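See structure below.
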Amino acid sequence: MPVGEGNKRNLIVVSNRLPLSVKRAEDGSYQSSLSSGGLVTSLSGLTKTTSFRWFGWPGLNPKEPAEKEEVRRSLEAHDAIPIFLDEDLAHDHYNGFSNSILWPILHYQSGVTFSDGPWAAYRRVNEIFADEIAEAAQYGDLIWVHDYHLMLLPQLLRERLAKKGKAAAIGFSLHTPFPAPEAFRALPVCKEILEGMLSSTLVGFHTDNYRINFIASSQQILGAQPQDSTVLYKDRLVKTDKFVVGIDPQKFEDTLKKTEVQERIKELSERYKDVKVILGVDRLDYIKGLVQKLHGFEQFLSDNPDWVGKVVLIQVAVPSREDVKEYQELETEISCTVGKINGKFSKPESTPIIYLHRSIPFTELTALYSIADVCLLTSTRDGMNLVAFEYVACQAAKHGVLVLSQFTGAASFMGQGSVNFHPANFKEISAAVRKGLTMSEQERKERYEKLRDFINTNTR
Ligand SMILES: O=P(O)(O)OC[C@H]1O[C@H](O[C@H]2O[C@H](CO)[C@@H](O)[C@H](O)[C@H]2O)[C@H](O)[C@@H](O)[C@@H]1O
Ligand SMILES: O=c1ccn([C@@H]2O[C@H](COP(=O)(O)OP(=O)(O)O)[C@@H](O)[C@H]2O)c(=O)[nH]1
C-alpha cells in the first residue's frame, strides 16, 4: 500500500478549535482571527518548520452550503480545514461536557455533576471528527490529536481507519494535567475516556507526573499492564512520553525591537517610574487562581504598608468560556474583589490594582512583559502555563522575577529560577511577592539566566 501522496508521510493536526476563529463581519464577508490560549501559541510555531493540515471547529456553522464553502476557502490559505458542528451540539460538547465536567476533574476540582446529555454530545462530536478525518487521511499518515475535547477520538478514528483499510500512527497530546487515579475516578465515564486515549500509538503529557498518573489510572481503572513507559492494553502496546511544550523566544525578541513597541515601553516606563510593576496575564479561569492572587496581593499590602503606593499589580484577565456559569460567577467575584482591595488601599495619587478584563494586542503584551519587575502566576493547577515562558523571553534587559505557583507544569521545569509558593496560602504569596520585589540584582540575574536557558533550549 503506498504511503500518502508521493510516498511522503502527511501530518494531520487535530484540535477542537482551529487556530483561527472565523466570524461574519458586518459587510457579510467571513473574517478569521487567531484564537487565544496556550494550545494555539504552542502549535502555531510548527508552521515555520513543518507542513500539515489542521482540522478543527471554526467557531460557526453557516446554514447555506455556499457560505460553508466560503468559510472553507477563507481557511484553505492557512491549511486549516473546518469541521462544521451544529451550534447546539458544539455548545453541549465544549461548554457542557469539556469545560463543565472534564476540565474541572482534570484540574482536581470537586463537586462536578455528571449528566448524560453533555456526555452524548461529547461522544457525537468525537464521532463527527473521526468520520471526517478517517475520510481525509491517507494510508500511512501521522495524525496528531490535541487535548481533552477529543479524548475518544483515537479509538473512534482507529476503528474507522481499519474499516477503510487505512493505517495511520495516532499521537495524542494532553495540554492539561492528568490527575491522580482517585481524582480521575470522580468521572463516571473514566473508563471510556481512558480506552479512547489508549487507542493512540503514543500519548504525550507536559510533565512526568501527569504521565505517571495516566499510567496508574490505566492500571487501576482498566487493569492495563504498565511496562516502563508503555502500557499494554487489549493486545496493544501504547507508548507514553513527556514533551515539553515551548514558545518561540525569537518572536518576542523581534517584536520588542519594533519602533511602536519601543515607544510603548518608554511611555509605560515613564508612567510607572516611581513604582514597581507586578504583572499577571491569565485567561479568566478558576484554575489560574486569580482570586487567590488578589487576596495574596492584599495580604502583601497589609503585611507591608510601606509598599502601598509604591507597587501596582497590572492584571490582564482574558475573557474565556463565558457561556459556562462558573466562569460568569468568577468574573463577578474578581471584579468585586478588585474593587474592594482598591477601595481599601487606593490613595488620591495611586491605585494598587489595574484590572484589564479583555484580550490585548500582542505588541501591548510584549511591552507589558518587558516593563514588569515581577510576573505573578498563582494557578491552583495548570497544564504548563506559557505566560511564564513568555515573560522570561521579554526580560533580557531587566532580569525580572518570575513568582510562580508550584502547581503549574512550568514550575516543574523552572523551579530553580523562579520563586515558588503554595497558592492557597496568602501569607506565602505575600512573602513570595516581597522576595520578588526586593531581590538583589545579582540574584535576579542568576535566576534569570537559568530561566532563559530553559526557554531557549525548549523551543517549540
Ligand atoms: O480554547 P479555550 O477554551 O479558550 O482555552 C484556551 C486553552 O486552554 C487550555 O490551555 C492549556 O494548554 C496550554 C498549552 O499547552 C498550557 O500551557 C495550559 O496550561 C493549558 O491550560 C486548553 O488545554 C487548550 O485546549 C485551550 O485552547
Ligand atoms: O490577550 C491575550 C493575552 C495572552 N494571550 C496568550 O494566551 C496564552 C496563554 O497560554 P497559557 O499556556 O499560559 O494558558 P492557557 O490560557 O492556555 O490555559 C499565551 O500564549 C498568551 O500570550 C492571548 O492569547 N491573549
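The structure presented is a predicted model; accordingly, all values stated were derived computationally and were not measured. Just so you know, ligand 1 is whichever comes first in the structure, and atom 1 is the first atom listed for that ligand.
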Sequence-distant partners of E127, salt bridge (charged side-chain N to carboxylate O under 4.0 Å, His left out), two or more places apart: R124
Side chain, backbone, both or neither: the part of D282 lying under 4.0 Å from ligand 2 by heavy atom: neither
Inspect the surroundings of CD in Q416 and state if more than 12 heavy atoms from other residues, nucleotides or ligands are less than 6.0 Å away. no
Please check if any side-chain donor atom of Y30 sits under 3.5 Å from a side-chain acceptor atom of R73, or the reverse. no
Check each atom of ligand 1 against the heavy atoms of [X] and keep those under 4.0 Å away; list them by number with element.
| X | answer |
| --- | --- |
| H149 | 25 (O) |
| M384 | 16 (C), 17 (O), 18 (C), 19 (O) |
| D147 | 22 (C), 23 (O), 24 (C), 25 (O) |
| H206 | 15 (O) |
| Y148 | 22 (C), 23 (O) |

Where's the contact between L386 and ligand 1, heavy-atom distance under 4.0 Å: side chain, backbone, both or neither? both
Just which atoms of ligand 2 are under 4.0 Å from any heavy atom in [X]?
| X | value |
| --- | --- |
| V318 | 1 (O), 2 (C), 3 (C) |
| I360 | 1 (O), 2 (C) |
| V387 | 13 (O) |
| S359 | 1 (O), 2 (C), 25 (N) |

Closest non-hydrogen atom pair between P249 and I455, with its separation: CG-O, 3.8 Å
Checking [X] side chain against [Y] main chain: does a donor-acceptor pair fall under 3.5 Å?
| X | Y | answer |
| --- | --- | --- |
| N342 | I353 | yes |
| Y448 | A396 | yes |
| Y108 | A180 | yes |

Could a heavy atom of F243 be found less than 4.0 Å from some atom of ligand 1? no
Mark the output for H175 as yes if a heavy-atom distance to ligand 2 is under 4.0 Å, and as no if none is. no
Charged tip of K293 within 45° of F426 ring normal and under 6.0 Å: no
Say whether V281, considering both its backbone and side-chain N or O atoms, lies within less than 3.5 Å of an N or O atom on ligand 2. no
Using distance alone, determine whether V316 and ligand 2 share an N or O pair under 3.5 Å. no
Can you check which of [options] brings a heavy atom nearest to [atom]?
| atom | options | answer |
| --- | --- | --- |
| atom 4 (O) of ligand 1 | R17, H146, R321 | R17 |
| atom 19 (O) of ligand 1 | T176, T408, D382, V387 | D382 |
| atom 16 (O) of ligand 2 | E364, M384, R283, R358 | R283 |

Mind checking whether F362 and F252 have ring centres under 6.0 Å apart? yes
Between F178 and Y210, does the ring centroid distance fall short of 6.0 Å? no
Find the distance between OH (Y355) and CG (L313) and round it off to the nearest 0.5 Å. 11.5 Å
